[in-house]
Number of protein chains: 2
Amino acid sequence: MNLKQLSEYLNLSQTTVSRALNGYPEVNEDTRTRVLKAAHELNYRPNTRAKGLATGRALAIGHVIPVSNQHEMVNPVFGDFIAGAGESYAKAGYDMMLSLVADQDEARAYQDIRARGTVDGIIVHGPVINDVRIALLSGIGLPFVVHGRSTDVNLAYSWIDVNNRGAFERGTQFLIELGHRRIALLNGLEHMDFAFRRRKGYETALQNNALSIDPDLMRSEEMTEIYGYRATKAMLGYEDPPTAIVCSSIITAIGARRAIHEAGLTLARDVSIITFDDALSYLENGDDVPIFTALRSSVRYAGREAAEMLLSLISVPMNAPKTRLLEAELIIGRSTGPAPT
Amino acid sequence: MNLKQLSEYLNLSQTTVSRALNGYPEVNEDTRTRVLKAAHELNYRPNTRAKGLATGRALAIGHVIPVSNQHEMVNPVFGDFIAGAGESYAKAGYDMMLSLVADQDEARAYQDIRARGTVDGIIVHGPVINDVRIALLSGIGLPFVVHGRSTDVNLAYSWIDVNNRGAFERGTQFLIELGHRRIALLNGLEHMDFAFRRRKGYETALQNNALSIDPDLMRSEEMTEIYGYRATKAMLGYEDPPTAIVCSSIITAIGARRAIHEAGLTLARDVSIITFDDALSYLENGDDVPIFTALRSSVRYAGREAAEMLLSLISVPMNAPKTRLLEAELIIGRSTGPAPT
DNA sequence: CACTGCATCCAAAGCGCTTTGGAGTGATTC
DNA sequence: GAATCACTCCAAAGCGCTTTGGATGCAGTG
């Protein structure tokens, strides 16, 4: 069932049927209802490709996920972010397109996306420090919103981010106020912008309290469980081990907890953990009393907002870049306690 | 840069340029190389929508993720599955399209997808017992591959699945051979086909060994960490608590482990855990020695295979349905030991 | 009554590509 | 020397939609 068939069935021109369906004024209300009724009954759906060709709009948003060769893993927060974004797209009638792009040929990939015209805009995932994609996309002229920011990029661009620096400063400060002096940081990969900012926040808190920054207490890796376990195990073996750990991911925190248990130590009493918590749906941080004291910010919410930001950017093309900084809340759970004496 | 401009630049017809680019024989090799060179230099990419309109193929695959209202969470294995599928698509030049579909209006959603013509085929996620989508899609005539199977559906359809029943029978048998008699099952939601099969496998092993099936030892919920924790905590409070637990997800197993620790018990010595392990990239089950004894099958691999299955189904339309049953391997880790006496 | 203006409708062009049905050329065959 | 053939190339139609630029009919106006 296509437009032509539908219009023949209705004894109307394609023009009129098209206008009736798309809500244009130059069509009699009676005919419009007649058209809508027939379209519904005959289960007519306009062909997306044809519509896109004619209008120049794709009614789709692209999500580009960089996949590096060394660590080709999909970030665990990705699923929740997508779920959030998907809600917004569904409401607006947009499709969601995923591309996994090897990070060595990103430039080509974005050119491709643009030239092939499959999407009206894209969400940029996993920005790194001084991310070249931002200049690239600005040049290409394809609307985009970055999930996160990119330090050292001086262009104006749209982004939605969590206040990573503020959150980690606050979390570290919280531990310091509990009397901790040896505080470790299990960070994500620090060429990633979010991780870089988190370290800055951590360092700021230490400096504000005249505590020294010890490179032996700082790790930076892909945020897996096993990483949390290994790093914690190693550090607990130090002569002067940390009494508290700041984690960049709840998964890493789980690994850290495992190492603490295995060492025969007790969480909160012997070693405290504070972690960033993306509020992943399948890794809920406890219920009434959180398992981990955490800096929480829902990545699903961020996805929803990012999508809406992009859609509004697309609908009003010459709009100035939009930005949005989300604050993470500090929630007290059962993984922190005063420093052991 | 479109075909017309490119052909004018080359002083050739669009026909010839198109043929040169698409590898048709009726074009001189010299002109072909000339065309390819120019296309490369001028960064020409055919417009996907136009190409799709002309060929009737979308060069895209749809992934439909059911989102129920009660538990609107994205399955954590989804990210890895997608990553695997994405690899196959990228190689074949296909795009990947995601749709989140509320499960009450699935029928419409699939009709929509078909009529709008945005994809050439779809991957069906999260099949339930007697899943109506299979009949629906067969009727619609859109190629599809199911990730999993659907018990009670008598149509022939393409699927890729893990031998869930066999895996859980084997895992349970393994525990029985270690001397365990009180074995709990922390399953996923049992209207989901995979969970239903897993329970069957678990029950079969018990029956084969003349052990009774105790409903108090069987739980069925969304496979979160907190679920594993709560269920385990509750069961450890029984007069006759389980000495071993079979988990449907490593995340749930982590929750179970937390409850075991909290009860002052030791994993493997006091309580054993065996879990299904989808080999998620960010939840690696240890390294040389796995944390959990597990039934392992890479969901990422499944994604890659599912995608290839679908692509071959599309390229040879009248192909008979393909099926593929993956076996999970039993890997021995540090979470199981002989039953305490 | 001729004219204007509004409300409805339509034919046809165009979006960027593929593909059908030739057309032109030179070489080969008898 | 005419006929045949393989090799290259092209013009134009068509995919299913939107949108421009009218055409038509009818009420209102002076």
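Protein chains get the first letters and strands the later ones, always in sequence-line order, with residue 1 at the start of each.
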What orientation do A:His63 and A:Phe78 show, parallel under 30°, tilted 30 to 60°, or perpendicular over 60°? perpendicular
I need the minimum non-hydrogen distance between B:Val101 and B:Ala109, along with the two atoms involved. CG1-CB, 3.6 Å
In whole Å, I'd like the distance from the CG atom of A:Leu6 to the P atom of D:dT18. 11 Å
DNA chain C contacts made by residues 50-62 of chain A, counting heavy atoms under 4.0 Å: A:Leu53, A:Ala54
Would you indicate, yes or no, if C:dT18 has its OP1 or OP2 atom less than 4.0 angstrom from a side-chain nitrogen or oxygen of B:Asn22? yes
Contact list (N/O, under 3.5 angstrom) for nucleotides 24-26 of chain C vs protein:
none

Rounded to the nearest angstrom, tell me the gap between atom CG in B:Asn47 and atom C1' in D:dG16. 14 Å
Taking ring pair (Phe, Tyr, Trp, His ring centres under 6.0 Å) as the test, write out the residues that go with A:Phe194, two or more places apart. none
Sub-4.5 Å side-chain heavy-atom contact between B:Phe144 and B:Ser138: yes
Distance, rounded to the nearest Å, where B:Glu8 contributes CD and C:dG16 contributes C1': 13 Å
In whole Å, what is the span from the CZ atom of A:Arg49 to the C1' atom of D:dG16? 9 Å
To the side chain of B:Pro46, which of C:dC9, D:dG16, C:dC17 is closest? C:dC17
Whole-Å gap separating C1' (D:dT20) and CD (A:Glu26): 11 Å
Heavy-atom distance under 4.5 Å between the side chains of A:Phe81 and A:Ile123, does that happen here? yes
With a 3.5 Å cut-off and no angle check, do the side chains of B:Ser312 and B:Ser315 form a donor-acceptor pair? no
Looking at A:Asp193, A:Asp131, A:Asp161, which one forms a salt bridge (Lys or Arg N to Asp or Glu O under 4.0 Å) with A:Arg149? A:Asp161
If only side-chain N and O atoms of B:Tyr24 are considered, is one of them under 4.0 Å from the OP1 or OP2 phosphate oxygen of C:dT19? yes
Search all heavy atoms of A:Ala39 against all heavy atoms of A:Leu21 and return the closest pair with its distance. CB-CD2, 3.9 Å
Would a 4.5 Å heavy-atom cut-off, applied to side chains only, mark B:Tyr301 and B:Leu326 as touching? yes
Is the shortest side-chain heavy-atom distance between B:Leu10 and B:Val17 below 4.5 Å? yes
Pull out every residue in residues 10-18 of chain A that has a heavy atom closer than 4.0 Å to any atom of DNA chain D, ordered by number, or say none. A:Gln14, A:Thr15, A:Ser18
If you check the B:Arg19 side chain, which of D:dG16, D:dG21, D:dC10 turns out closest? D:dC10
Is B:Asn2 near enough to C:dG16 that one of its side-chain N or O atoms lies under 4.0 angstrom from OP1 or OP2? yes
Between C:dA11 atom P and A:Leu3 atom CG, what is the distance in whole Å? 14 Å
Only counting residues at least two apart or in another chain, list the ones meeting salt bridge (charged side-chain N to carboxylate O under 4.0 Å, His left out) with B:Lys322. none
For the residue pair B:Thr15 and B:Ser18, confirm or rule out a side-chain donor-acceptor distance under 3.5 Å. no
Identify the heavy atoms of B:Thr323 and B:Met309 that sit nearest to each other, and give their distance. C-CE, 4.1 Å
Which atom names give the shortest non-hydrogen contact between A:Leu155 and A:Ala135, and what distance separates them? CD1-CA, 3.5 Å
For DNA chain C, what residues of residues 31-45 of chain B have any heavy atom nearer than 4.0 Å? B:Tyr44, B:Arg45
Do the side-chain N or O atoms of A:Asn28 get closer than 4.0 angstrom to the phosphate oxygens (OP1, OP2) of C:dT8? yes
